[in-house]
Each structure stands twice: as structure tokens, then as C-alpha cells.
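Here the structure is laid out as C-alpha cells; the discussion comes afterwards.
Note that these values count all heavy atoms, side chains included, but never hydrogens, waters or copies made by symmetry. Lettering follows sequence order; numbering is per chain, from 1.
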Number of protein chains: 2
Amino acid sequence: MEQTKPPRADRQLSSEKAEAILEGGMQEFLAHGYAATSMDRVAIAAGVSKATVYSHFQDKEGLFIALIQRLVEGKFRSVFGPANAQVLQTAPEIVLRDLANRLLDTCMNEPQFLNFMRVILGESGRFPQLARAFVRNIEQTSFKRLRQYFTTCPQLKLSDPEATARIFIGTLVHFMIVQEMLHGKDIVPMERARLIENLVKLIINQAEKT
Amino acid sequence: MEQTKPPRADRQLSSEKAEAILEGGMQEFLAHGYAATSMDRVAIAAGVSKATVYSHFQDKEGLFIALIQRLVEGKFRSVFGPANAQVLQTAPEIVLRDLANRLLDTCMNEPQFLNFMRVILGESGRFPQLARAFVRNIEQTSFKRLRQYFTTCPQLKLSDPEATARIFIGTLVHFMIVQEMLHGKDIVPMERARLIENLVKLIINQAEKT
DNA sequence: TCAATGAACTGAACTGTATAGTTTAGTTAG
DNA sequence: CTAACTAAACTATACAGTTCAGTTCATTGA
């Protein structure tokens, strides 16, 4: 078969290649971590020549940083869910339960999210700027949103909304880490709904008490 | 120096060398992660020849697994602190506050602990058996201990001690991850005592309510 | 309409270094 | 004497990053 027909003539646009490289780099880096990822495999995954990779990004570290920054600022920023508008009309019990469920759902529905967290946590010693970007874009945002809700919700009068927000998010994130990331589901089983129910009640009762 | 009993069946290798290799491997693997650690540097760190490393351990993966298993079962098992005996006489408020402080202290006092967690979390996708060993030896143990306390403490009558234990530990572990591991101290500052105070009050009030 | 230009890209070879793991010849110590 | 150990060389592979000759294609200019 001597055919060499190029089936499709792609327009040579630099930004499309850059996009493909970031996409291929995401696959590789999230699957194997920083050190175990090779630039040859990134180029193959991106469907691009190695030289093109190095014409768009300075080096392996530069690609990795650009890639993680992008994920932190875009793709995974929505993990902690957007706040609805008329939540203040709804009972806090329901709002909080829904929020918790949405937060944990997002981790399951984004299959890459667990690997993303693994890379962020595993490389947080060698790439502290990426860890800080994660905190700034994801943790801080969710703290702020929840504290805001705790502060403005008429039925809730918490003495320290910020600390309560930390307890809420911390409980759920740790649950996700132990059950999913560390494969603890069968070792320390716990129904998601049961944990959420207790967490929500703890906060509601606290508010009623004051 | 008293000598060890010379067993004969299998190969008899010096346990001192094995110890040194595990120690050197710990330094290297915890500092650089699995993929970025070289066996040459492990041998140098252990003060041992490379051939000796391979006579004690089958390969890099075998050394890594043996090493992490050991850390999980020994060195870092105490992180979540031993339970005292006469705690049941003390007010729960004080017991829980002390427990939380001890838990967070241990992370600071064991400077390697953060890197240990980074490796466990970062490699949990490629070494699920190590992640499970971590859950079995550290998370499960602390859940059990705290649930036991919640169940037996006369002043506390929690409706779900297991879930409450998860909330307690999850809040503290997440705090440690965000503030220390992800370098979030300056981005999302939070006094440790303030968080602990709120967490403890949340649980105490819940108990009084019932 | 048709070259001609030039920038983006390709594939493959290439450099230099690092790696996992083995082998060998020789040394130490019980 | 022997078994653990050492130092160093060695094999074979992989990697980051570069170079280069050649291809593709859109734009230009006549």
C-alpha cells in the first residue's frame, strides 16, 4: 500500500498544537506523576512531534507548571461547586446536604480529579507554587463561599462561620481522600449519607443552640 | 556487642546492613518520591555498596514497598497518639482539645511525616497496597480509638460516635494538609486553637443537646 | 492563476547523561 | 575457610533536550 494521501490538511495554527500538547501532557502527567512522565510519550499522546513540544514550552518543568496552573484555574476549579441563587430561602439542612453531595459527586464524576489531587499533593514539596495555586483557587474559594453562606443565612447564627466552613469542607475532603484516593472503602466503610447527615446535624444543632 | 542467633536455613545477611539500607532508602524516597529516587543514591545514603542493596532487596520496588510498610507499621503509627488511661475522669472538652493538639503537634515534630504523607498520597494510584496499609494502620486505628472514647465517655452521648470520629479526624487532617502540606498558611490563615475550639464545642454541644 | 516565500511542523538522528540491575575480582571478619 | 561485603566496571535502556533536512500550507505578489 503505497498510498500517502494526507487525509486532511490541518491549518497550521500554533494555538491548536499548544492545546493538544497540554491535553496530552495532562494525560501523561496525571497518570504517571511528574518524574515518571517522559516528554516522548507526551509528544505521542499529543499527536505532535517532540520538537513542536519544545517550541511551545521551554522544558519539561515549564510544561508541567503551565499545565497544572491551567487545571487549577480552569477545569477543576468547579469541583467545589457553584452556589445557587435562591438558597437562602431553603432550609439550611437541605442546602448543606445538597452541597456536600455535590462536592463528593464531582470527585466521582471527574475521573481525572483523583489523579490531579494525587499529583498536587505528591509534588507539593517540589512545586510549592502549584500547591499554593491550588489553595488559592480551590480551597480558599470554597471556604469563602461557605463562610458567606453561613454568615448570611438567617436560620444559622454560628459563632465562627469561617471555622465551621473548615470543619465542613475538611470532613468531606478527608472522607474523599480516605475512601477513594487511599482505597479505604472496604477497610473503613462508611456510608456517605450517614457521614453527611451527622455533619449537617452537628452544624444545625450548634446554630439552634446559640 | 551481643550477637544475633545465627539462623542457617535461608541466606543469612547482616541485619545491620538491612537496617542501614532501609534508613538510607527512607531519606531518599521520602525526599524525592519513588520515580525520582535512584538506587545509587540510596546505596550512598545507606553507606553501603549497591550490590549489598540488591542482595537484601529484590529490586527498587521491593525496597520501596518494604520501606513504606515498615514506616506505616512502626515509625508513623504513633502519629495519632496513644490513649491515656484515666481520660474518662477528665472533662471531654479537655480530652478532645488535648487530643487534637497532640495530633497536630506530631506532624510538626516529625519533620519527615509531611513527606511520608506526600509519598503515600502521591503513589496511592500506583501502589494501592501501600495506601491500604496506611488506612489499616493509621486511619482505622485512630477512628477506632476515638469512636471508643466517644462511646464510653459518660458525659458524651453521641448518636453516631463513628461518624463523629470521622468529622473530628477529618477536620484536623485536612487542616494539616492545607496549612502545612500545601503551604496554605499565608493564603488561608487560621489559628489552630480557633479551629480546635470550634470543633470541640460543636461536638460537646451536640452531646449536651441529646 | 501561479509560483515564491516563510513560518509551523515533522521525523529521525544525535548528544550527553542517568538509570536499574549484574558481574567480577578482591577484601574483611567470624 | 566461608559468607557477607566492597568498589568498580559493565550492559542495556531510557531520558531531556537539540539539530536538521525535508514537508505542509497560507499568504503574498505579479
Side-chain angles (χ1 to χ4, degrees), chain A residues 2-29 31-68 119 123 126-127, chain B residues 1-29 31-68 123 126-127:
Chain A
E2 75 304 335
Q3 75 84 26
T4 43
K5 176 78 160 252
R8 178 63 170 53
D10 290 19
R11 42 206 159 276
Q12 312 292 57
L13 231 342
S14 159
S15 62
E16 288 183 9
K17 296 291 178 180
E19 185 59 36
I21 294 164
L22 289 165
E23 201 63 34
M26 185 179 86
Q27 275 176 232
E28 294 298 315
F29 280 117
H32 309 110
Y34 178 75
T37 289
S38 91
M39 293 298 267
D40 292 77
R41 285 202 305 269
V42 168
I44 291 168
V48 137
S49 81
K50 207 172 151 187
T52 302
V53 172
Y54 279 96
S55 78
H56 285 267
F57 299 93
Q58 199 188 353
D59 53 16
K60 186 183 180 182
E61 195 174 304
L63 170 59
F64 181 66
I65 291 173
L67 164 58
I68 298 292
V119 171
E123 299 298 334
R126 284 167 294 273
F127 294 93
Chain B
M1 286 307 164
E2 70 135 27
Q3 64 183 37
T4 54
K5 217 71 180 270
R8 52 223 64 81
D10 268 330
R11 52 215 151 138
Q12 167 57 2
L13 298 171
S14 143
S15 57
E16 287 182 10
K17 297 291 177 179
E19 186 59 36
I21 293 164
L22 288 166
E23 202 63 34
M26 184 179 84
Q27 275 176 233
E28 295 298 315
F29 280 117
H32 309 110
Y34 178 75
T37 289
S38 90
M39 292 299 265
D40 291 78
R41 287 201 304 271
V42 168
I44 291 168
V48 135
S49 80
K50 205 174 150 186
T52 301
V53 173
Y54 279 98
S55 78
H56 281 82
F57 299 93
Q58 199 190 353
D59 53 17
K60 186 183 182 182
E61 196 174 302
L63 170 59
F64 180 67
I65 290 173
L67 164 58
I68 299 292
E123 300 298 335
R126 282 168 294 274
F127 294 93

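Atom CD in A:Glu19 sits roughly 18 Å away from atom P in C:dA8 (whole-Å rounding). One interatomic measurement links the two molecules: CZ of B:Phe57 to P of D:dC5, which rounds to 11 Å at whole-angstrom precision. Atom pair B:Glu16:CD and D:dA3:P shows a separation of 20 Å (rounding to whole Å applied). Between the NZ atom of B:Lys17 and the P atom of C:dA29 there is a distance of 10 Å, rounded to whole Å.
Every residue was checked against the salt bridge (Lys or Arg N to Asp or Glu O under 4.0 Å) condition with B:Asp59, not counting sequence neighbours, and none meets it. Remark: A:Gln27 engages no residue in a side chain to side chain donor-acceptor pair (under 3.5 Å) (not counting sequence neighbours). Looking at residues two or more places apart in sequence or on another chain, you find no ring-ring contact (aromatic ring centres under 6.0 Å, His included) involving A:Phe57.
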Subject >> Contact pattern, 5' to 3', of nucleotides 10-16 of chain D - B, S or - by protein heavy atom under 4.0 Å >> reply: -----SB
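Cation-pi geometry between A:Lys60 and A:Phe29 is not satisfied (NZ or CZ under 6.0 Å from the ring centre, within 45° of the ring normal).
The side-chain hydrogen bond (donor to acceptor under 3.5 Å, both in side chains) analysis of residues 44-55 of chain A, with sequence neighbours excluded, yields the pairs A:Asp40-A:Lys50, A:Ser49-A:Thr52.
Taking only side-chain nitrogens and oxygens, B:Thr52 comes nearer than 4.0 Å to OP1 or OP2 of D:dT6. In terms of phosphate contacts, A:His56 brings no side-chain nitrogen or oxygen within less than 4.0 Å of OP1 or OP2 of C:dA8.
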Under 3.5 Å, which donor-acceptor pairs do the side chains of residues 41-48 of chain A form with other protein atoms, sequence neighbours left out?
| residue | atom | partner | partner atom | Å |
| --- | --- | --- | --- | --- |
| A:Arg41 | NH2 | A:Ala36 | O | 2.9 |

